[in-house]
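Note that the structure is predicted; figures quoted are calculated from it, not measured. Note that these values count all heavy atoms, side chains included, but never hydrogens, waters or copies made by symmetry.
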Protein chains: 2
Amino acid sequence: MKATYREVKADILCRITKGQWAPGSLIPNEVELAESYGCARATVNRAMRELADDGLIERRRKAGTRVRASPVRQARFDIPLVRSEIEDKGAEYRYSLVSRAIDEAPGWLRARLQLGADAQALHLVCMHYANGDPFQHEDRWINLEVLPQARDADFTQTGPNEWLVATIPFSTAEISFSAALADKELADCLACEAGAPVFTIERATWFEGDANTFVRLTYRPGHRMTTRY
Amino acid sequence: MKATYREVKADILCRITKGQWAPGSLIPNEVELAESYGCARATVNRAMRELADDGLIERRRKAGTRVRASPVRQARFDIPLVRSEIEDKGAEYRYSLVSRAIDEAPGWLRARLQLGADAQALHLVCMHYANGDPFQHEDRWINLEVLPQARDADFTQTGPNEWLVATIPFSTAEISFSAALADKELADCLACEAGAPVFTIERATWFEGDANTFVRLTYRPGHRMTTRY
DNA sequence: TAGTGGTCTAGACCACTAC
DNA sequence: TAGTGGTCTAGACCACTAG
């Protein structure tokens, strides 16, 4: 009795996993549960809301709450700065600038970021090392129309990622994961063979409607992103 | 005045993105915010709690609430059933069983799932098609010690995924994304060339401490997982 | 030890929607 | 239109922890 919302949540979860409340079936309403747990309705509400957020149950006004027929599995990944990713493993982080150039944004980039016809972009290629071993290759474009100060920033000592995090408070992003082949240049940087399969993350970010940067991060062969739920 | 928690959340988010509250800086406490928004403290609390869940702020009792210095970017992916993934695109789903065998679990699988030395496993290879085109290759192992009924299940018409979802109410999982090369067999199934880079998802699931299944899902070349935040 | 967030309550009103 | 979840309130007490 006098259960906390955590206890209520755990108990409901338990009943679902044990099969007591089968997939698709209706769960008692909040008032009934509050009575049976001896707590306030708000407490049950919070427990149920979190379960709904976790994708385990489905709630609809008037229709009540049901156990999801096929639970929506959600994987949640943290996308840290490379520096933290490496240092958290206890490895030593090193950064290096491979190349820097200012150019008109190529067509595919203009399309992807919805840029104007003659948009100027800063193109950086960088490498991130863990204990001296190639860890991640970074191919970055920065929109100079929106971030003209990037032109004068020094990217020889620290990566553009850290500069951007400090410069842009927050932004929305589109992120995608895929597999690619290492071409000759990438293979040289990552110290692997050309034709090796590599895991890549692409991310485009916008701030107040304007695209400010696009980056393709390529990990050394064999890299995995792992999570639990 | 009389703001809802959504309005409070939006306003705080706005102040952070606009740079009014810089990364690392202290945010007014709940009581102060409640007064300035003209709402109850619980309303501010809910807004702040959600922002903390989203990784934008950090809260500690007594120390107060701060804007995260480097926001933990979190990407959330839905991992749907392949069937839904395909049908949601408006494509026609088709399933096909490639092979079925019962064997001792190989060493790597026993290690990965912490199985006993002579564990029996059902090994299934399946294909999922979208509008007739190869979409996903499924290489699945089911632990027969825990799920002996899988031995008699019919996997010629529907995939093991749907059977498992119906059989196991809920389970914990470890999921990982990586890149691989298509070998000859995979290439034949996916109608691509051997040596093509492919995106793979591996998932192991446990129910009450016992591993019940391991699956490697391989998508056709060019597949992307995308999300926004 | 004092200040902050974490949680609970009892009650209220509202918004949606299945019937 | 009635039943269900969604949200807000004013107040209370508790748990943690920085100083």
Side-chain angles (χ1 to χ4, degrees), chain A residues 1-16 20-69 71-72 74 76, chain B residues 1-16 20-69 71-72 74 76:
Chain A
M1 287 303 156
K2 287 289 173 187
T4 68
Y5 88 92
R6 286 172 195 277
E7 288 164 346
V8 173
K9 184 178 177 185
D11 187 73
I12 295 175
L13 185 56
C14 187
R15 288 179 197 238
I16 292 174
Q20 188 173 337
W21 287 339
S25 66
L26 202 59
I27 287 179
N29 69 33
E30 296 192 348
V31 176
E32 289 171 0
L33 286 174
E35 278 170 17
S36 74
Y37 288 117
C39 65
R41 192 190 137 213
T43 303
V44 173
N45 180 274
R46 175 154 184 202
M48 302 274 269
R49 186 153 34 78
E50 292 199 358
L51 288 167
D53 281 345
D54 295 345
L56 280 149
I57 58 179
E58 237 171 348
R59 321 196 71 193
R60 284 203 327 267
R61 284 159 157 142
K62 167 75 178 174
T65 301
R66 290 179 179 280
V67 180
R68 286 196 99 106
V72 177
Q74 290 181 329
R76 211 168 170 181
Chain B
M1 286 303 156
K2 288 291 172 189
T4 67
Y5 87 90
R6 288 172 193 277
E7 289 163 347
V8 174
K9 184 178 177 184
D11 187 73
I12 294 175
L13 185 55
C14 186
R15 288 178 194 238
I16 293 173
Q20 189 174 336
W21 288 338
S25 66
L26 201 60
I27 287 179
N29 69 34
E30 297 191 348
V31 176
E32 288 170 2
L33 286 174
E35 278 169 17
S36 74
Y37 287 117
C39 65
R41 191 190 137 212
T43 304
V44 173
N45 180 272
R46 176 155 181 199
M48 303 273 271
R49 186 152 35 78
E50 291 198 358
L51 288 167
D53 281 345
D54 295 345
L56 281 150
I57 58 179
E58 239 172 348
R59 321 196 71 195
R60 268 174 15 237
R61 283 159 158 146
K62 167 75 180 176
T65 301
R66 290 178 179 280
V67 180
R68 287 195 98 109
V72 177
Q74 292 183 327
R76 216 172 177 184

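The distance from atom CG of B/Leu26 to atom CD1 of B/Ile57, rounded to the nearest 0.5 Å, is 11.0 Å.
Spacing between atom CZ of B/Arg61 and atom C1' of C/dT4 amounts to 9 Å, rounded to whole angstrom units. Look at CD on B/Glu50: it is 10 Å from P on D/dC8, rounded to the nearest Å. Atoms CZ (A/Arg49) and C1' (D/dT4) sit 16 Å apart, rounded to a whole Å. To the nearest angstrom, P of C/dT4 lies 15 Å from CD1 of B/Ile57. Rounded to an integer number of Å, the gap from CE of A/Met48 to C1' of D/dT7 is 16 Å. Atom pair B/Leu51:CG and C/dG5:C1' shows a separation of 15 Å (rounding to whole Å applied). Between B/Glu30 atom CD and D/dA12 atom C1' there is a gap of 15 Å when expressed in whole angstrom units. We find that CD of B/Glu35 is positioned 12 Å from P of D/dA10, with the value rounded to whole Å.
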Evaluation steps, side chain to side chain contact (heavy atoms under 4.5 Å, CB included), between A/Lys9 and A/Arg6: CA-CA 5 Å; A/Lys9 184 178 177 185; A/Arg6 286 172 195 277; 5.6 Å; no
Can A/Ile27 and A/Arg15 be said to form a side chain to side chain contact (heavy atoms under 4.5 Å, CB included), step by step? CA-CA 10 Å; A/Ile27 287 179; A/Arg15 288 179 197 238; over 6 Å; no
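One finds no side-chain N or O of B/Asn45 lying less than 4.0 angstrom from the OP1 or OP2 phosphate oxygen of C/dG5. In terms of phosphate contacts, B/Arg60 brings a side-chain nitrogen or oxygen within less than 4.0 Å of OP1 or OP2 of D/dA18. Distances shorter than 4.0 Å separate none of the side-chain N or O atoms of B/Arg41 from OP1 or OP2 on C/dT4. Dashed line: the shortest gap from a side-chain N or O of A/Thr65 to OP1 or OP2 of D/dT4 is not under 4.0 Å. In this structure, A/Thr43 does not reach the C/dT7 phosphate: none of its side-chain N or O atoms is under 4.0 Å from OP1 or OP2. For the OP1/OP2 pair of D/dG6 and a distance below 4.0 Å, the side-chain nitrogens and oxygens of A/Arg59 include at least one atom meeting the criterion. Under 4.0 angstrom from either OP1 or OP2 of D/dG6 there lies no side-chain N or O belonging to B/Arg46.
Of the listed nucleotides (C/dG6, D/dG6, C/dA10), C/dA10 has the atom at the smallest distance from the side chain of A/Ala40.
Contact check for B/Asn45 versus B/Arg59: side-chain heavy atoms found under the 4.5 Å cut-off. A/Ile12 is listed as a side-chain neighbour of A/Leu51, based on a closest heavy-atom distance under 4.5 Å.
Within 4.0 Å of B/Ala63, counting heavy atoms only, lie sugar-phosphate atoms of the nucleic acid but no base atom.
With a cut-off of 3.5 Å on both pairing distances, the Watson-Crick or G-U wobble partner of C/dC16 is D/dG3.
Both A/Ala42 and B/Ile27 sit near DNA chain C, but only B/Ile27 has its closest nucleotide nearer the 5' end. Each of A/Lys62 and B/Asn29 has a nearest nucleotide on DNA chain C; the 5'-most of these lies closest to B/Asn29.
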